[in-house]
Asks: 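Quick one: the structure is below, questions incoming.
Quick note on labels: first sequence line is chain A, next is B, and so on, each numbered from 1. All values derive from a computational prediction rather than experimental measurement.
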There are 2 protein chains.
Amino acid sequence: MEPRRTDASRPYRDPSRPVYVISVAAELVRVHPRTLRIYEGEGLVCPARTPTNIRLYSENDIRRVTWIRHLTQNLGVNLAGIRVLFELEERLGMRILEQLYAEREDHSTSTDPEPTDTDPAAAPTPDGPTPADSPSNR
Amino acid sequence: MEPRRTDASRPYRDPSRPVYVISVAAELVRVHPRTLRIYEGEGLVCPARTPTNIRLYSENDIRRVTWIRHLTQNLGVNLAGIRVLFELEERLGMRILEQLYAEREDHSTSTDPEPTDTDPAAAPTPDGPTPADSPSNR
DNA sequence: GGTGACTTGACAACATCATTGTCAAGGTTC
DNA sequence: GAACCTTGACAATGATGTTGTCAAGTCACC
C-alpha cells in the first residue's frame with residue numbers, strides 16, 4: 001500500500017505558474033530547446049519571461065508542448081494544422097483534442113470543457129497525452 | 001425584378017447525389033485530378049463509384065474538397081492535420097471549422113451542426129469556404 | 001568573476017510532404 | 001473511336017519540421 005504522503009500532502013502546484021527554464025522544459029518534453037523556440041515563434045506556445053527576458057515555462061506550457069509533439073510525431077500534423085486546432089479549442093471553449101481518444105459513443109453534445117468521469121492516468125494511447133491534458137488552459 | 005424562375009422552381013438537388021466525374025470535380029474546385037485521387041487515397045474524401053468503378057463526386061464531396069484546398073492553400077495545414085480536423089468534426093457532430101470564421105462572441109456552447117442565422121453568401125474571408133459549407137455532411 | 005546557461009538572428013542539412021507531371025496498360029463512355 | 005476513366009508507379013519542385021551550429025551579448029549560479 002502506498003505511503004500516505006501522496007499529492008494530498010504536497011503543496012498545491014499551480015499549473016499556470018512559470019517555473020521551468022527552456023533547458024528543463026526541453027528535457028521534460030524530450031525536445032530540443034531550438035525546437036521550443038520555433039514553437040514559440042510560430043505562436044503555438046507562449047512561455048512567460050522574467051524581467052531579464054529568460055523564458056519560463058509552466059506546467060500548462062509543458063502540457064501544450066506535449067500535445068504539439070504528439071500531434072506532429074504520432075499523427076503527422078504540421079505546425080499550421082496545430083495552430084488551427086488550438087484556435088478551434090479556444091473559440092469553442094472546449095478541449096476538442098481529447099475527443100480523438102475519447103471512447104466513441106453516440107453523444108449529441110459535449111460542452112463541458114473539463115473532463116468529467118475521465119481518469120487522467122488512463123492514457124488513451126500508449127504514446128498520447130492523457131485526456132485531461134488537452135493543451136487548452138481553461 | 002428577377003424572373004420568378006428561381007431556385008424555388010428548380011428541381012431539388014440532392015447534395016449527396018454523386019454526379020460529377022473526376023475531371024469535372026477537378027474543374028469545380030480548381031485542382032488536378034491527380035490531386036483528387038491523392039485526397040481519396042488519404043481518406044479525406046470518398047467519392048461514390050459507378051458499377052464500372054468510375055468515381056462520381058457529389059456536391060458534398062465538392063464542398064469537402066473546397067475546405068481541403070482552403071486549409072492547405074490559405075492556412076498551410078497539411079493533409080494529416082486535415083484528417084484530424086475532419087475526424088474531430090465527425091466525433092463532435094459539429095461543423096467546428098466554421099468557427100474559424102464565425103463572428104467572435106462570448107458564447108458558451110455551439111451544438112447546432114447547422115448554422116442558424118448565417119448568410120451562406122457572406123463568405124467569412126474573400127477566399128474561404130462559406131460558413132454553411134463545412135466539410136461535414138451532416 | 002567565471003563558467004555555463006540564457007538571449008537574439010542567421011544559415012544549413014536532411015527527411016518528409018503536397019502538388020503536379022508523366023508513364024504504361026487496360027477498360028469505359030459519349 | 002477518341003477522349004475519358006482506372007490502376008500502380010516514378011519523378012521534380014518547393015515547402016516544412018527538426019536539429020545543428022554560429023556569432024555576439026547578457027544572465028545567474030557557484
Asks: When the distance from CG of A:Leu36 to C1' of D:dT19 is rounded to whole Å, what number comes out?
Replies: 12 Å
Asks: Hey, does B:Ile22 reach any base, or is it just sugar-phosphate, or nothing, if we go heavy atoms under 4.0 Å?
Replies: sugar-phosphate
Asks: From CG of B:Asn53 over to P of C:dA25, roughly how many Å is that when rounded to an integer?
Replies: 21 Å
Asks: Let's see if you can work this out: which of D:dA28, C:dT28, D:dT18 has an atom nearest to the side-chain heavy atoms of B:Ile54?
Replies: C:dT28
Asks: Expressed as a whole number of angstroms, how long is the span from A:His70:NE2 to D:dT18:C1'?
Replies: 18 Å
Asks: Starting from C1' on C:dT19, measure out to CZ on B:Arg30 and report it in whole angstrom.
Replies: 17 Å
Asks: Got B:Leu88 and A:Leu85 here, is their nearest side-chain heavy-atom distance under 4.5 Å?
Replies: yes
Asks: Would you say a side-chain N or O of A:Thr52 is under 4.0 Å from OP1 or OP2 of D:dA28?
Replies: yes
Asks: Between C:dT19, D:dC5, D:dT18, which nucleotide gets closest to the side-chain atoms of A:Thr72?
Replies: D:dT18
Asks: The side chain of B:Arg69 is closest to which nucleotide in this list: D:dA28, C:dT29, C:dT19?
Replies: C:dT19
Asks: Starting at the 5' end of DNA chain D, which residue's closest nucleotide do you reach first, A:Thr35 or B:Val24?
Replies: B:Val24
Asks: Where the side chain of A:His32 is concerned, which of C:dT29, C:dC6, D:dG20 is the nearest nucleotide?
Replies: D:dG20
Asks: Select from B:Thr50 and A:Pro33 the residue whose nearest nucleotide in DNA chain C is closer to the 5' end of that strand.
Replies: A:Pro33
Asks: Atom CG of A:Leu44 to atom P of D:dG17: distance rounded to whole Å?
Replies: 9 Å
Asks: Without decimals, in angstroms, what is the distance between A:Arg49 CZ and C:dT7 C1'?
Replies: 8 Å
Asks: When all nucleic acid strands are considered with a 4.0 Å heavy-atom cut-off, which category describes A:Arg37: base, sugar-phosphate, or nothing?
Replies: base
Asks: Given 3.5 Å as the limit, does a donor-acceptor pair link the side chain of A:Thr72 with the main chain of A:Ile68, or not?
Replies: yes
Asks: Under a 4.5 Å cut-off applied to non-hydrogen side-chain atoms, are A:Phe86 and A:Leu97 in contact?
Replies: yes
Asks: Between A:Tyr39 and A:Arg69, is any pair of side-chain heavy atoms under 4.5 Å apart?
Replies: yes
Asks: Taking the side chain as every heavy atom from C-beta outward, state whether B:Glu40 and B:Pro47 have any pair of such atoms under 4.5 Å apart.
Replies: yes
Asks: Could you tell me how far apart B:Gln73 (CD) and C:dT20 (C1') are, to the nearest whole angstrom?
Replies: 12 Å
Asks: Respond yes when some side-chain nitrogen or oxygen of B:Ser23 is under 4.0 Å from OP1 or OP2 of D:dC5, and no when none is.
Replies: yes
Asks: Can you tell which of C:dT29, C:dT20, C:dA10 lies closest to the side chain of B:Val31?
Replies: C:dT20
Asks: Expressed in angstrom and rounded to an integer, what is the separation of B:Arg55 atom CZ from C:dT29 atom P?
Replies: 14 Å
Asks: Indicate whether OP1 or OP2 belonging to C:dA18 is found under 4.0 Å from a side-chain N or O atom of B:Tyr39.
Replies: no
